[in-house]
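Position 1 is the first residue of the sequence, and the numbers go up from there.
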Amino acid sequence: MSTPFPFTAVVGQDDLRLALLLNAVSPAVGGVLVRGEKGTAKSTAVRALSALLPAVDVVAGCRFSCDPGAPDPACPDGPHEAGASASRAARMVELPVGASEDRLVGALDIERALAEGVKAFEPGLLADAHRGILYVDEVNLLHDHLVDLLLDAAAMGASYVEREGVSVRHAAKFLLVGTMNPEEGELRPQLLDRFGLTVEVAASREPDQRVEVVRRRLAYDDDPAGFVTRWADEESAVRARIVAARELLPSVRLGDGALRQIAATCAAFEVDGMRADIVMARTAVALAAWAGRTDVLAEDVRQAALLALPHRRRRNPFDAPGLDENKLDETLEEFGGQGSGEDEDPEHDPDPDPGPEGPGGGGGQAPESDGPQGGDAGAQPEAGEGGEPQPSGAGSGEQQPVRAGEPFRTKVLSVPGVGEGAAGRRSRARTERGRTTGSRRPQGALTKLHLAATVQAAAPHQRARGRVGRGLVVRRDDLRQATREGREGNLVLFVVDASGSMAARQRMSAVKGAVLSLLLDAYQRRDKVGLVTFRGAGAEVALPPTSSVDAAAARLESLPTGGRTPLGAGLLKAHDVLRVERLRDPARRALVVVVTDGRATGGPEPVALGARAARLFAAEGVASVVVDCESGVVRLGLAAQLAGDLGGTAVTLDELRADSIAGLVRDVQGNRRAA
């Protein structure tokens, strides 16, 4: 087993370390979500925390880590009698992104349950993490139903397993820590809200601090044991401080003044529900205990707000998390006249010595911007001069990017047929969750029993098996796995015409608004998205397929227009993107959304090339929709011709709205079947 990097040796990242330590002091805070770019010590800090947690006493032989002083009366391994106990280090359990539901919550041996009537339960990762840390790296890539199970268990402190009428419950109290890179996709707002605290981390831009990071990492790699020994005293000091803060926690007083400040702050920032108020209160109490105080001060409320509120202010995936600190200070000052000071002892020192300087002693700097985050600096194209577009290269006639129009709710676009891709909310698919549609012989471990089919398979053999009495003799070959149908997420690849024929500012604003609306729909349906644009002399992949729809929105916002219309080049580029993506994720089906007026003017034989490229998609059975952006009294109907070549359907911008056209999905599917 590798030696973990010392927690106290992590350079910088004060907010991250403070949030982790506050949860170690008070697990009721509700866990930590760590957001940040790759290579910022997110995983290193989380793994190092487990070495600081005090050892736990457990009932000897209990698979669910029951406390010998107060064993769980409903423990599946119980009842526990007074007797031998053991002490062990607090565990840190990692949940892999590809884990199954049974691996997370545990599984029942259904064969023994049917044949012997025995509840044989195999504990999952939630049981292993009880009274320790459950760490989910890349939590934003975890399937939604697993995140729901995880957060429900964290909130209730227990895990419930239901399998075909057999029920098992066991305690599951743990410190939940999730890390994620926002570039790879966001969590849904209702899931964000379930994490107690959130921290934004980024690599330091200070050369001296970066030098120290490299120096410590190299020293650790050269001699891990020796490096840990050099930091042993600091680790012991922080471990002792956690124990002291836990003991002090029940004595901390949260006065009415501090409660008013908490309530006023949550109201001022318009967070939904009451969870934010509760988390802020628990965090402020933990901050006071960590500082060695028994009273909550305004500074604790401020720090709690910076950790508990930023991720709860998001209204859609394109909003950047953050908090306006000036507004926060004004709110605290306004409601601080009768603040925590009126409940304090007049002789109480308002600024006691917080103890030895250590990790998490300060920080709390949160992003001040409330606006959307931009994309990479390298992705921002230079804006050309305004004016009419010119019929030449990509750079000529380039216009300033225009803002997207107001988004709207779109009609559901789906891929025909039944797939087997990742769980989502767009197209029909065979999944582990959903309505039961049939049965099959199990391939591997049996997870979802189809009881009626199992009985039907076993019934004809009862006399030959020597059945006596009322019991049913069931063998392995009789068992049937239930097949279920739910919804999958797709790859929605946008192919956007950015040529001069689309360059009218009002028109391009409407086009961007439509694409933004479809991006919002893709976010809600858990799709991957990609963006290909074409104009001038060729096409480019503005955004490779990703789960980060806010990155797509940022690229869309900066999209310039102008030049000729190389429709064929755009379609061929999209075809290449799909070919590569099939190798990476063959189970995920694609939906191509072409946003154009149908004109083709760029390159040799542009019309013929566009038609040939479109027929490639039709030959491979790729589902497609053409959003017709042609305007004016006289319409050429070129987009409809393109849709015919693609084997898809064409809709206008107005028809794309949810309240404007009925049966769009049926039209898409009908056209594909006819093709």
Q | Contacts of Ser85 that satisfy side-chain contact (heavy atoms from CB on, under 4.5 Å) - sequence neighbours left out | A | Pro68
Q: Decide yes or no on side chain to side chain contact (heavy atoms under 4.5 Å, CB included) for Glu325 and Leu306, but give the supporting numbers first.
A: CA-CA 8 Å; Glu325 293 194 39; Leu306 292 173; 4.0 Å; yes
Q. Distance-only, no hydrogens or angles: does the Arg282 side chain make a donor-acceptor pair with backbone N or O of Pro27 under 3.5 Å?
A. no
(Q) Using modelled atom types and a 3.5 Å cut-off, is there a donor and acceptor pairing between side-chain atoms of Arg194 and backbone atoms of Leu151? (A) yes
Q. Arg88: what forms a salt bridge (Lys or Arg N to Asp or Glu O under 4.0 Å) with it, not counting sequence neighbours?
A. none
Q) Taking the side chain as C-beta and beyond, is there a heavy-atom pair between Leu20 and Leu52 under 4.5 Å? A) no
Q. Who passes side-chain hydrogen bond (donor to acceptor under 3.5 Å, both in side chains) against Asn140, sequence neighbours left out?
A. none
Q | Partner set under salt bridge (Lys or Arg N to Asp or Glu O under 4.0 Å) for Glu420, not counting sequence neighbours | A | Arg430
Q. Checking Thr483 side chain against Thr437 main chain: does a donor-acceptor pair fall under 3.5 Å?
A. no
Q: Taking Gln481 for its side chain and Gln443 for its backbone only, find out whether a donor-acceptor pair lies under 3.5 Å.
A: no
Q. How about Thr265 and Leu332: do any of their side-chain heavy atoms sit closer than 4.5 Å?
A. yes
Q) Who pairs with Arg103 by salt bridge (Lys or Arg N to Asp or Glu O under 4.0 Å), at least two apart in sequence or on another chain? A) none
Q: Check salt bridge (Lys or Arg N to Asp or Glu O under 4.0 Å) between Lys42 and all other residues, then give those that pass, not counting sequence neighbours.
A: none
Q | Test item: Val105 and Leu149 side chains (from C-beta on) under 4.5 Å apart, heavy atoms | A | yes
**Q.** Under the side-chain contact (heavy atoms from CB on, under 4.5 Å) test, residues paired with Ala288 that sit two or more places apart
**A.** Val252, Arg293, Val296, Asp300
Q) With a 4.5 Å limit on heavy-atom distance, are the side chains of Glu488 and Arg588 in contact? A) no
(Q) Under a 3.5 Å distance rule, please check whether Asp72 uses its side chain to pair with a backbone N or O of Cys66 as donor and acceptor. (A) no
**Q.** Met92 side chain near Arg47 side chain, heavy-atom distance below 4.5 Å
**A.** yes
(Q) If we check salt bridge (Lys or Arg N to Asp or Glu O under 4.0 Å) with Asp521, which of these qualifies: Arg409, Arg425, Arg526, Arg426? (A) Arg426
Q. Between Arg487 and Gly424, is there a donor-acceptor pair closer than 3.5 Å when you use the side chain of the first and the backbone of the second?
A. no
Q | Residue pairs, two or more places apart or on separate chains, that pass ring pair (Phe, Tyr, Trp, His ring centres under 6.0 Å) and touch residues 38-91 | A | Phe64-His170
Q) So, the side chain of Asp527 versus the backbone of Val529: is there a donor-acceptor pair under 3.5 Å, distance only? A) no
Q: Sort out for me which residue in Val285, Val32, Thr283 forms a side chain to side chain contact (heavy atoms under 4.5 Å, CB included) with Leu22.
A: Thr283
Q: Apply the side chain to side chain contact (heavy atoms under 4.5 Å, CB included) test between Phe195 and each candidate in Leu176, Val29, Val177; give the one that qualifies.
A: Leu176
Q) With a 4.5 Å heavy-atom cut-off, do Arg525 and Val492 have their side chains touching? A) no
Q.
Treating Arg63 as the side-chain partner and Glu122 as the backbone partner, does any N or O pair qualify as donor plus acceptor under 3.5 Å?
A. no
Q.
Among residues at least two apart in sequence or on other chains, which ones pass ring pair (Phe, Tyr, Trp, His ring centres under 6.0 Å) with Tyr135?
A. none
Q) Taking only residues two or more places apart in sequence, or in another chain, which ones meet Arg239 in a side-chain hydrogen bond (donor to acceptor under 3.5 Å, both in side chains)? A) none
Q. Does Pro71 reach the side chain of Asp77, with side-chain heavy atoms less than 4.5 Å apart?
A. no
Q: State which residues pass side-chain hydrogen bond (donor to acceptor under 3.5 Å, both in side chains) with Glu234; sequence neighbours excluded, sorted by chain then number.
A: none
**Q.** Non-neighbouring partners of Ser159 that pass side-chain hydrogen bond (donor to acceptor under 3.5 Å, both in side chains), sequence neighbours left out
**A.** none
Q | Within-4.5 Å side-chain heavy-atom neighbours: Arg91 and Phe174 | A | no
